[in-house]
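Naming convention: chains lettered A, B, ... in sequence-line order (proteins, then strands); numbering from 1 in each chain.
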There are 2 protein chains.
Amino acid sequence: MATIYDVAKRAGVSPKTVSRVLNGDAPVSKKTRSSVAAAMDALGYVPSLAARSIKSQKSGLIGLITGAISTVNEVVTAGGLPELFIVQGVQHVMANSGKTLLIADTAGQQERVPTLIRTFREHRVEGLLYVADFHKKIALPLPIDGVQTVLANCYDDFGTPSVLPDDEAGQLALTREVIAQGHRRIGYLTLASGHEATRLRLSGFKTALAEAGLVYDPDLTIAVDMFGTHGEHQLIWDALDRILTNDDVPTAICCGNDRLAMAVYGILRDRGVGIPEQMSVAGYDDHRTISEALFPALTTAELPYNAIGARAAQLLLGMIENPATASITAPIHVSGRVQKRGSVTRPRRDASVVINLKGRTTS
Amino acid sequence: MATIYDVAKRAGVSPKTVSRVLNGDAPVSKKTRSSVAAAMDALGYVPSLAARSIKSQKSGLIGLITGAISTVNEVVTAGGLPELFIVQGVQHVMANSGKTLLIADTAGQQERVPTLIRTFREHRVEGLLYVADFHKKIALPLPIDGVQTVLANCYDDFGTPSVLPDDEAGQLALTREVIAQGHRRIGYLTLASGHEATRLRLSGFKTALAEAGLVYDPDLTIAVDMFGTHGEHQLIWDALDRILTNDDVPTAICCGNDRLAMAVYGILRDRGVGIPEQMSVAGYDDHRTISEALFPALTTAELPYNAIGARAAQLLLGMIENPATASITAPIHVSGRVQKRGSVTRPRRDASVVINLKGRTTS
DNA sequence: CAATGTCATGACACCGGTGTCATGTCAACT
DNA sequence: AGTTGACATGACACCGGTGTCATGACATTG
């Protein structure tokens with residue numbers, strides 16, 4: 001690999017002059033500039049950031065850790081890893097800021113985290129981003145001295161700056177939309193009750209009901225724990241059975257996420273319940289691979305992963321540029337839009353057909 | 001940030017001795033070792049890889065580019081980006097090899113690629129990985145001199161080493177399974193016909209049919225172009241309509257991917273066709289968020305993304321270690337497993353109910 | 001014409017590590 | 001006792017850039 005000295009020699013100038021041409025930080029005569037450019041070109045010269053950074057003390061690197069970072073309570077989902085979208089949001093911002101991302105995935109082995117951080121520090125990263133796979137509380141393995149840190153999709157007890165989805169507002173807005181369509185009784189299949197998101201969304205759900213003067217019926221809210229595939233369908237089947245056999249059958253069901261809604265589509269139809277004619281269904285996440293492809297397309301609340309990533313990146317960059325900003329702040333909440341598609345429509349009067357179908361079981 | 005000189009001063013030794021303690025590459029007395037260790041500890045010293053690498057000429061960095069890398073023919077899908085799994089496969093291998101990944105996402109802007117490569121070269125990456133979002137042919141923007149390169153999920157015309165999914169073998173194995181269940185007439189909804197994968201899988205499909213002595217009926221193979229959501233369902237609806245109104249209605253349908261299968265579930269059921277009682281459905285990809293959650297769970301062929309990533313990483317590491325290996329090789333094909341779940345079962349004799357339902361249209 | 005200022009460029013040290021070689025100490029061996 | 005060699009350590013240069021300061025050539029001004 002050619003060095004600045006090679007270029008200098010070939011162009012018949014000093015290395016420092018080549019440096020000046022490279023950075024344009026001091027006047028260089030036209031003639032010299034072009035001969036230096038020619039030499040760089042001929043040699044395929046690319047300056048070394050390593051050399052540069054030992055002098056400047058700036059690496060231009062940002063470290064990002066994804067994957068299972070020490071979860072506080074042991075709720076684990078083999079989720080759909082949409083954290084990728086967070087990472088993309090981060091990358092987009094970073095690309096425009098001239099920083100380069102160093103990414104490490106723990107692949108669930110949190111004991112690796114200290115090693116990764118060590119590697120990042122050896123690379124002299126200017127900032128650190130933790131990206132969690134779902135909204136949760138974490139405990140940083142080490143207090144990271146000197147390196148600015150931002151948490152995305154997670155938070156801790158020590159006031160580390162963090163960016164979170166506004167799950168409460170999301171479910172609130174979505175439920176409002178369902179109610180606006182005329183539904184008065186709404187079932188709710190939540191994710192595992194231990195999740196942070198579940199608690200917040202349920203709160204939003206209740207608020208929407210209260211706003212509209214509707215009563216919240218605990219019998220219609222059922223938590224579905226989704227650990228892997230085994231028995232998952234049976235759980236959902238049972239939950240739906242309880243809802244469908246209720247004395248006053250709801251006309252709409254909200255689901256903890258799009259994936260759950262997808263399963264609900266199948267089970268409801270398998271029981272002869274038409275969607276959305278007999279039952280409106282709403283999701284959460286707006287995981288577009290699912291929500292757009294489902295038939296009918298799914299009305300759902302966006303989990304603004306991309307925006308969360310972007311926001312976290314901006315926050316971090318701000319903290320790096322002006323460390324004073326790094327004062328302990330409350331988490332930043334990012335809210336997503338309600339995506340109205342075809343699965344939530346006005347309820348039909350004769351939805352009672354539903355009741356006839358109770359009693360079947362999955363094979 | 002503390003330097004090796006700070007540590008040396010505090011421990012009362014020369015920097016070189018600290019270096020020896022750090023690397024364990026020369027004998028150091030026990031006493032010295034412990035006092036140096038104490039000093040490093042007290043100062044929170046972490047060696048600088050930048051300084052190290054200018055001397056050693058080894059960065060320990062591998063560059064990875066994801067996203068829309070200059071596609072040759074302009075078929076574009078806003079796909080589900082399962083390329084993430086390829087990246088995970090890569091990371092897993094890299095983590096165990098001591099290299100660190102530098103990742104850049106073009107976010108669809110291929111004009112950025114040259115800039116990214118430039119940045120990577122400034123970081124003196126030892127190898128470069130291109131990861132495409134789906135099996136395709138690409139044209140590298142530049143011949144990358146000096147930096148070993150491997151293509152994952154894509155290939156080019158210049159014999160750059162590449163790792164690809166074995167789409168033909170995958171569809172072959174999957175179709176064999178469908179046939180083994182007793183199906184004799186099988187519909188096939190393929191992805192856009194311009195895709196590499198479509199061609200290969202169709203070939204595997206035909207081979208399986210031929211092996212079993214079944215005739216391939218072109219009327220039952222329909223390409224579904226999936227550009228975004230608009231009109232997509234109508235296309236699928238029409239395609240299914242053609243299949244369901246065929247004189248000899250098939251008992252099973254293979255789909256170009258799991259996402260398509262998901263839409264097919266909805267549309268078939270909406271037309272009153274039970275799954276799998278009246279129609280078996282198979283997917284492709286084994287995108288587990290979909291395939292496991294669908295009801296019934298989807299029988300599908302695995303697109304071994306993780307393995308592709310791992311294989312590509314291994315190949316690259318081998319090329320770096322022993323550049324002689326870098327001779328132009330044929331693409332490496334990685335095949336995936338057939339995941340037998342609940343959506344393909346033995347066909348029922350009285351599947352004729354299907355025919356009655358033609359004629360409805362989507363709203 | 002001398003004094004002054006601007007422009008273009010180079011010499012040199014330094015950033016934080018490591019390879020090479022030299023030096024000093026002490027135990028073992030003839 | 002003198003020689004030899006293993007062991008422990010340090011001095012120094014070098015990797016590839018950049019900041020600082022000095023220098024020389026001209027043009028401008030009084």
dG17(D), OP1 or OP2 - any side-chain N/O from Tyr45(A) closer than 4.0 Å? yes

Tell me whether the OP1 or OP2 atom of dG16(D) has a side-chain N or O from Ser48(A) closer than 4.0 Å. no

Would you kindly give the NZ-to-P distance between Lys31(B) and dC7(D), to the nearest whole Å? 19 Å

Identify the two heavy atoms, one from Val18(A) and one from Val7(A), that lie closest to each other, and give their separation to 0.1 Å. CG1-CG1, 3.8 Å

I need the CD1-C1' distance between Ile54(A) and dG16(D), as an integer number of Å. 7 Å

How many angstroms lie between atom CD of Gln314(B) and atom CG of Asn96(B), to the nearest 0.5 angstrom? 10.0 Å

Think Gln57(A) has a side-chain N or O under 4.0 angstrom from the OP1 or OP2 of dT18(D)? no

Within the structure shown, what part of the strands sits under 4.0 Å from Ser56(A) by heavy-atom distance: base, sugar-phosphate, or nothing? nothing

Between Ser29(B) and Thr32(B): side-chain donor-acceptor atoms closer than 3.5 Å: yes

When Ala51(A) and Pro27(B) are each assigned the nearest nucleotide of DNA chain D, the 5'-most assignment goes to Pro27(B)

Any idea which of dA11(C), dA8(C), dT9(D) is nearest the Lys16(A) side chain? dA11(C)

Could you check how far NZ of Lys58(A) sits from P of dG17(D), rounded to whole Å? 19 Å

Between C1' on dG17(D) and OH on Tyr5(A), what's the gap in Å once rounded to a whole number? 6 Å

Compare side-chain N and O positions of Ser29(A) against OP1 and OP2 of dA8(C) and report whether any pair is under 4.0 Å apart. no

Report yes if a side-chain nitrogen or oxygen of Thr17(B) is closer than 4.0 Å to either non-bridging phosphate oxygen (OP1 or OP2) of dA8(D); otherwise report no. no

Using a heavy-atom cut-off of under 4.0 Å over every strand shown, decide if Arg124(B) touches base, sugar-phosphate, or nothing. sugar-phosphate

Contact class for Val13(A) vs. all strands (heavy atom < 4.0 Å): base, sugar-phosphate, or nothing? sugar-phosphate

Would you say the side-chain atoms of Arg33(A) pair up with the backbone N or O of Val28(A), donor to acceptor, closer than 3.5 Å? yes

Whole-Å distance, Leu22(B) CG to dG19(C) C1', equals 15 Å

Using whole Å, what does the distance between atom P of nucleotide dG16(D) and atom CZ of Arg121(B) come to? 15 Å

Considering only heavy side-chain atoms of Asp25(A), the closest of dG19(D), dT9(C), dG16(D) is dG19(D)

All N/O contacts under 3.5 Å from nucleotides 21-25 of chain C to the protein, with atom names and distances to one decimal?
none

For His92(A), I'd like to know if atom NE2 has over 12 heavy atoms of other residues, nucleotides or ligands within 6.0 Å. no

Going through the checks in order, is the salt bridge (Lys or Arg N to Asp or Glu O under 4.0 Å) test met by Glu126(A) and Lys99(A)? CA-CA 9 Å; Glu126(A) 297 171 24; Lys99(A) 308 286 183 191; 2.8 Å; yes

Correct closest heavy-atom pair for Ile138(A) and Asp156(A) would be O-CB, 3.2 Å

Value rounded to 0.5 Å, distance of OG1 in Thr119(B) from CG in Leu102(B): 8.5 Å

For Arg52(B) and dG16(D), what is the distance between atoms CZ and C1' respectively, to the nearest whole Å? 18 Å

Strictly below 4.0 Å: does Ser53(A) bring a side-chain N or O up to OP1 or OP2 of dG17(D)? no

Length of the line joining Met1(A):CE and dC15(D):C1', which is rounded to integer Å: 14 Å

Choosing from dG17(D), dG10(D), dT9(D), which nucleotide comes nearest the side chain of Ser14(B)? dG10(D)

What nucleotide among dG16(C), dG19(D), dA8(C) has an atom nearest to a side-chain atom of Lys55(A)? dG19(D)

